J.: 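Quick one: this structure, given as structure tokens, is what I'll be asking you about.
The structure displayed is predicted, hence computed values, not measured ones.
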Amino acid sequence: MAEKNNANIGFEKQIWDAACVLWGHIPAAEYRKVIVGLIFLRYISSAFEKKYDELVADGDGFEDDRDAYIEDNIFFVPEEARWNKISSSAHTPEIGTVIDDAMRAIEKENASLKNVLPKNYASPDLDKRVLGDVVDLFTNMDMGDTEESKDLLGRTYEYCIKEFAAYEGTKGGEFYTPQSIVKTIVEILKPFANCRVYDPCCGSGGMFVQSAKFIQAHNGKREEIAVYGQESNADTWKMAKMNMAIRGIDADFGSFQADTFFNDLHKTLKADFIMANPPFNLSNWGQDKLKEDVRWKYGTPPAGNANYAWIQHMIHHLAPNGKIGLVLANGALSSQSSGEGDIRKKIIQADLVEGIVALPTQLFYSVTIPVTLWFISKNKKQKGKTLFIDARKMGYMVDRKHRDFTDDDIKKLADTFEEFQNGTLEDVKGFCSVADLQTIEKQDFILTPGRYVGIEEQEDDGEPFEEKMGRLTSELSDMFAKSHELEEEIRKKLGAIGYEI
């Protein structure tokens with residue numbers, strides 16, 4: 001995550017490693033609140049202090065005027081919550097109470113942060129000596145340039161969220177989508193400035209962060225994006241709110257966490273881009289109470305699986321030229337049970353499915369089942385056509401359990417989509433293929449990419465078939481002979497110690 005040209009290289013890991021000693025016997029989820037809360041507190045305090053110094057230098061007496069900060073999207077930090085107060089108390093027994101009081105004071109001054117910040121630092125389970133050492137780490141970092149520090153602390157926030165996801169396993173997937181997946185979705189959709197981006201199950205907000213980065217990288221500004229999100233888990237909702245604040249992204253996540261199906265906080269929203277990683281194969285999602293819902297335009301989703309409830313909810317919220325990028329378990333590609341096949345058929349016949357990308361396994365911390373990226377568009381460039389990509393062989397193993405995409409992998413996928421949209425893509429056996437509606441109909445409206453891309457052609461090595469078969473059977477014969485020798489040797493060894501086979 002750390003960039004090679006950044007003077008603070010490795011800071012994310014430094015924070016993580018140093019703070020890990022705080023764990024003791026507290027659950028990872030509680031520890032997560034401790035660390036992300038400190039990152040947040042350090043950032044908003046540094047942003048406030050920079051603005052405060054500017055106002056003092058102006059000499060107009062506005063340094064204590066809350067409006068002077070709000071107009072620049074900076075949180076007002078009262079004196080008792082400023083970092084110099086925290087740092088000066090770092091190695092006192094009261095450091096936990098000082099931080100908790102600071103969080104309460106910030107919430108009191110900033111209505112949008114009410115009930116968002118963690119207040120568990122005074123807990124007797126936290127080693128106050130180590131907590132003080134972690135505070136020192138933040139104190140000693142260079143926060144002179146708020147824009148650079150925003151990126152540094154944002155990266156640190158993301159790094160810690162990623163590590164928590166890895167540590168917490170299945171539960172970690174509730175709040176974190178691996179960055180390579182998020183980047184792939186964003187690079188393919190290409191959100192533009194002054195667009196509306198929506199995620200109905202936003203986790204810690206990674207889709208929005210990457211969208212803002214994309215816009216910024218293409219001569220826009222990160223604030224030129226209208227962000228709408230919703231999250232049903234209270235702790236995750238709080239994490240997302242803090243993540244947006246650190247990144248300087250003004251986001252509407254509602255004033256509380258809420259179930260998207262039962263309490264849609266953005267009922268009238270029509271979004272330009274929807275990006276989501278909804279819970280896979282969610283059962284008992286409340287279908288019996290939502291049977292006549294306006295969102296089920298293509299059919300009522302089954303009670304036992306919410307996959308097509310998520311898809312239709314997103315389609316319902318699309319603007320006339322809107323696009324969706326979402327992650328789903330592979331079962332949604334082919335399931336015929338409980339009416340899912342009919343819903344999929346109607347969505348395909350409405351010419352909404354622009355592309356399907358089969359992903360390799362082990363990209364997620366939370367699940368090992370195969371998953372797929374769906375790209376749905378209201379106004380496709382290539383009418384009546386769908387792009388299928390089999391990316392199951394792409395990526396590299398970061399460790400024994402986790403795979404990741406390289407930047408080149410992501411670029412290849414994004415370029416393939418762009419060529420398809422421009423009408424210049426040629427099919428590549430085993431990797432990509434463009435299919436029309438008639439071809440998909442012949443496949444019973446099943447969207448599994450392997451059915452369309454075929455098997456990768458093997459390069460001819462020039463060895464005649466007869467010669468190759470002779471060589472291979474000879475090698476196999478030698479292996480059989482060696483196997484018999486080893487078998488006889490094992491029998492002798494076992495017989496020598498009284499075991500006959």
J.: If every non-hydrogen atom of Asn379 is compared with every non-hydrogen atom of Pro320, which pair is closest and at what distance?
T.: CB-O, 4.0 Å
J.: Quick one: salt bridge (charged side-chain N to carboxylate O under 4.0 Å, His left out) pairs with a partner in residues 106-122, sequence neighbours left out?
T.: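 As it turns out, the salt bridge (charged side-chain N to carboxylate O under 4.0 Å, His left out) pairs with a partner in residues 106-122, which skip direct neighbours, are Arg66-Glu109, Glu107-Lys119.
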J.: Mind checking whether Phe75 and Phe48 have ring centres under 6.0 Å apart?
T.: no
J.: Just checking, any donor-acceptor pair under 3.5 angstrom between side chains of His313 and Asp293?
T.: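 Side chains of His313 and Asp293: no pair found under 3.5 Å.
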J.: Assess whether a salt bridge exists between Lys128 and Glu94, defined as any Lys/Arg side-chain N lying under 4.0 Å from an Asp/Glu carboxylate O.
T.: no
J.: Quiz question: by atom type and distance under 3.5 Å, do the side chains of Trp83 and Thr139 form a donor-acceptor pair?
T.: yes
J.: State, without any angle test, whether Asp235 and Asn233 hold a side-chain donor-acceptor pair at a distance under 3.5 Å.
T.: no
J.: Atom CD1 in Ile249, atom CG in Asn243: separation rounded to 0.5 Å?
T.: 7.5 Å
J.: With no hydrogens and no angle check, just 3.5 Å: does a side-chain donor-acceptor pair link Asn307 and Asn281?
T.: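 There is such a pair (donor and acceptor under 3.5 Å, judged by atom type) between the side chains of Asn307 and Asn281.
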J.: Does this structure show an ion pair linking Asp101 with Arg104, if we count only N-O contacts that are shorter than 4.0 Å?
T.: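 Yes, Asp101 and Arg104 are salt-bridged.
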J.: Under 6.0 Å between ring centres, would you say that holds for Phe417 and Phe375?
T.: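 Between Phe417 and Phe375, the centre distance is under 6.0 Å.
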J.: Is it true that Lys412 and Asp408 make a salt bridge, defined as a side-chain N closer than 4.0 Å to a carboxylate O?
T.: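 Salt bridge between Lys412 and Asp408, a charged N being under 4.0 Å from a carboxylate O: no.
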J.: Going by distance alone, is a donor N or O of one side chain under 3.5 Å from an acceptor N or O of the other, for Thr372 and Asn330?
T.: yes
J.: Indicate, with yes or no, if the rings of Tyr52 and Tyr69 have centres closer together than 6.0 Å.
T.: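 Not under 6.0 Å, so no.
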J.: Of Lys381, Lys323, Lys380, which meets salt bridge (Lys or Arg N to Asp or Glu O under 4.0 Å) against Glu354?
T.: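 Per the salt bridge (Lys or Arg N to Asp or Glu O under 4.0 Å) rule, the option paired with Glu354 is Lys323, out of Lys381, Lys323, Lys380.
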J.: CG of Leu413 to CD1 of Ile389: how many Å apart, nearest 0.5 Å?
T.: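 Between Leu413 CG and Ile389 CD1, I get 5.5 Å after rounding to 0.5 Å.
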J.: Looking only at side-chain N and O atoms, does Asn120 offer a donor or acceptor that is under 3.5 Å from a partner on Ser123?
T.: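 No, no side-chain donor-acceptor contact under 3.5 Å.
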J.: Do side-chain atoms of Asp60 reach the backbone of Phe62 as a donor and acceptor pair under 3.5 angstrom?
T.: no
J.: Establish, yes or no, whether a centroid distance under 6.0 Å links the rings of Trp310 and Phe261.
T.: yes
J.: Would Lys51 and Asp72 pass as an ion pair if we require N to O under 4.0 Å?
T.: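 Yes, Lys51 and Asp72 are salt-bridged.
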J.: Any sub-3.5 Å donor-acceptor pair from Ser89's side-chain atoms to Lys85's backbone N or O?
T.: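 The answer is yes, because a donor-acceptor pair under 3.5 Å joins these two groups.
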J.: Under a plain distance cut-off of 3.5 Å, with no hydrogens placed, do Asp404 and Ser180 share a side-chain donor-acceptor pair?
T.: yes
